[in-house]
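See below for the structure under consideration.
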Amino acid sequence: MQKLIGIFGGTFDPVHYGHLKPAQEIFQRLRLDELRVVPCFRPVHRDPPLADPDQRIEMLQLALREFPRFMADDRELRRGGDSYTVDTLEEMHREFPRATLCLLLGQDALEGFRKWRRWRHILKLAHLLVCARPGYGLERGSERGKLIAEFGIPSEAGLRDRPSGGILPVATAQYDISSTLVRQRLRERQSVEGLVPPALAEWLNENRIYEVN
């Protein structure tokens, strides 16, 4: 049976439960063999992160103490430059030639997926697992709906039927949490309990890296 490797990329500035809990639901429901959380060095479709790479990987490692089956993967931080998903998938495809790669996305990211660099090649390298996000649907007329109509696979079994090229929507619990909200609460010296794992909350309270931004 093909090994299923989940790949979850993002800025993670900082990582929070809105990232981690839906990823955990997908990991468990689809019985992924591993899940790699990949912080980007420099995002190309949004503002640069406020925390530096060393801080973001440390925060991620602290948060993942609560999710021990997840792996912090720092390859994009080490690579530097603009972070493109297709480059990371090509690298992982070479590293794990017999595995099936599954890229986790939020529905908001799926809306702009055709604008990503070499998006068709991404689908040649991996499946997309799309988790629910607050305020987004899969309406037929939306770009998300069109992508599902063209590339959607009907069930979880389809992930193992072919090595790549499918888009599978996965219903997950919705967590209306954002990194912006976490940073705002930290700037205002408010508690972030329940928004991030306890080990990370303690580190954020001690280091106060967002209070001046």
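Counting from 1, the numbers follow the sequence of the chain as shown.
Cluster annotation: Val37 is not connected to Met71 through the hydrophobic network of ILVMFWY side chains, with a link wherever side-chain heavy atoms come within less than 4.5 Å. Phe67 and Val182 fall within the same hydrophobic cluster, where Ile, Leu, Val, Met, Phe, Trp and Tyr residues are linked whenever their side-chain heavy atoms come under 4.5 Å apart, directly or through other members.
Other residues, nucleotides and ligands contribute more than 12 heavy atoms inside 6.0 Å of the CD atom of Glu150. More than 12 heavy atoms of other residues, nucleotides or ligands lie within 6.0 Å of CZ in Arg114, so this atom counts as buried by the packing criterion.
By the 4.0 Å N-to-carboxylate-O rule, Arg42 lies close enough to Asp82 to be salt-bridged with it. At a threshold of 4.0 Å, the pair Glu156-Arg31 does not count as salt-bridged, since none of the basic side-chain nitrogens sits closer than that to a carboxylate oxygen. Electrostatic pairing of Arg189 and Glu211 counts as a salt bridge here, judged by a charged N lying under 4.0 Å from a carboxylate O. For the pair Glu66 and Lys21, the salt-bridge criterion is not met [side-chain N within less than 4.0 Å of a carboxylate O]. Between Glu58 and Arg56 there is no salt bridge, since no side-chain N of the basic residue sits under 4.0 Å from a carboxylate O of the acidic one.
No side-chain donor-acceptor contact under 3.5 Å links Asp74 to the backbone of Leu77. At distances below 3.5 Å, not a single donor-acceptor pair connects side-chain atoms of Thr100 with backbone N or O atoms of Leu4. When atom types are taken as modelled, the side chain of Thr172 and the backbone of Glu25 share no donor-acceptor pair closer than 3.5 angstrom. Between the side chain of Ser164 and the backbone N or O of Lys124 there is at least one donor-acceptor pair closer than 3.5 Å. Listed for the Gln2 side chain is a donor-acceptor partner under 3.5 Å among the backbone atoms of Arg98. Within the 3.5 Å criterion, the main-chain N or O of Pro14 finds no donor-acceptor partner in the side chain of Arg183. Side chain of Ser191 to main chain of Glu193: a donor-acceptor pair is present (N/O by atom type, distance under 3.5 Å, no hydrogens or angles).
Taking the side chain to side chain contact (heavy atoms under 4.5 Å, CB included) definition, one finds that Asp161 meets it with nothing, sequence neighbours left out.
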Self-check item: Verdict with reasoning, Phe8 to Arg36, per side-chain contact (heavy atoms from CB on, under 4.5 Å)
Solution: CA-CA 6 Å; Phe8 185 24; Arg36 291 172 174 260; over 6 Å; no
Exercise. Any chance you could lay out the side-chain contact (heavy atoms from CB on, under 4.5 Å) test for Asn205 and Leu186, step after step, and finish with the verdict?
Key: CA-CA 8 Å; Asn205 288 330; Leu186 290 166; 4.2 Å; yes
Practice problem: I would like to know whether Gln24 and Phe70 meet side-chain contact (heavy atoms from CB on, under 4.5 Å); could you show each step before the answer? | Solution: CA-CA 9 Å; Gln24 184 181 45; Phe70 290 10; 4.0 Å; yes
Exercise. Would you please test Val86 and Trp119 for side-chain contact (heavy atoms from CB on, under 4.5 Å) and show each step?
Key: CA-CA 8 Å; Val86 68; Trp119 68 271; over 6 Å; no
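Between Asp52 and Ile209 the shortest side-chain heavy-atom distance does not fall below 4.5 Å. Side-chain contact between Val196 and Val15: absent, with no pair of heavy atoms (C-beta onward) separated by less than 4.5 Å. With a 4.5 Å cut-off on side-chain heavy atoms, Leu195 and Tyr175 do not count as touching. Looking only at side-chain heavy atoms (C-beta outward), Leu30 and Leu129 come within less than 4.5 Å of each other. Using a 4.5 Å cut-off on side-chain heavy atoms (C-beta onward), Leu89 and Ile122 make contact. You'll find the side chain of Phe113 reaches within 4.5 Å of the side chain of Leu128, heavy atoms only. At a threshold of 4.5 Å between non-hydrogen side-chain atoms, the residues Ile5 and Cys102 do not count as touching. Met59 has its side chain out of reach of Phe12: every pair of non-hydrogen atoms, C-beta onward, lies at least 4.5 Å apart.
Of all non-hydrogen atoms in Ile153 and Gly166, the two that sit nearest each other are CG2-CA, 3.9 Å. Considering every non-hydrogen atom in both Pro198 and Tyr17, the closest pair reads CD-OH, 3.6 Å. Nearest heavy-atom pair across His127 and Arg162 is NE2-O, 2.9 Å. Smallest separation of non-hydrogen atoms from Pro39 and Asp73: CD-O, 3.3 Å. Summarising the geometry of Asp54 relative to Ile57, their closest heavy-atom pair is O-CG2, 3.3 Å, with the distance given to 0.1 Å. Closest of all the heavy-atom pairs between His16 and Gly18 is ND1-N, 2.9 Å.
Of the inter-residue distances, the one linking Ser179 atom OG with Gln184 atom CD reads 12.5 Å to the nearest 0.5 angstrom. The distance from atom CD of Gln28 to atom CZ of Arg69, rounded to the nearest 0.5 Å, is 8.0 Å. Rounding to the nearest 0.5 angstrom, the gap separating the CZ atom in Phe27 from the CD atom in Glu34 is 8.5 Å. The structure places CG of Leu204 at 10.0 Å from CD of Gln55, a figure rounded to the nearest 0.5 Å. Considering CZ of Phe151 and CZ of Arg120, their distance stands at 5.0 Å, rounded to 0.5 Å. To the nearest 0.5 Å, the span separating CG on Leu125 from CD on Glu91 amounts to 12.0 Å.
Taking the six-membered ring where the residue is Trp, His45 and Trp116 present parallel rings, their angle staying beneath 30° rather than reaching 60°.
For the residue pair Tyr84/Glu90, the side-chain donor-acceptor check at 3.5 Å is not satisfied. Side-chain N/O atoms of Glu76 and Thr88 include a donor and acceptor closer than 3.5 Å.
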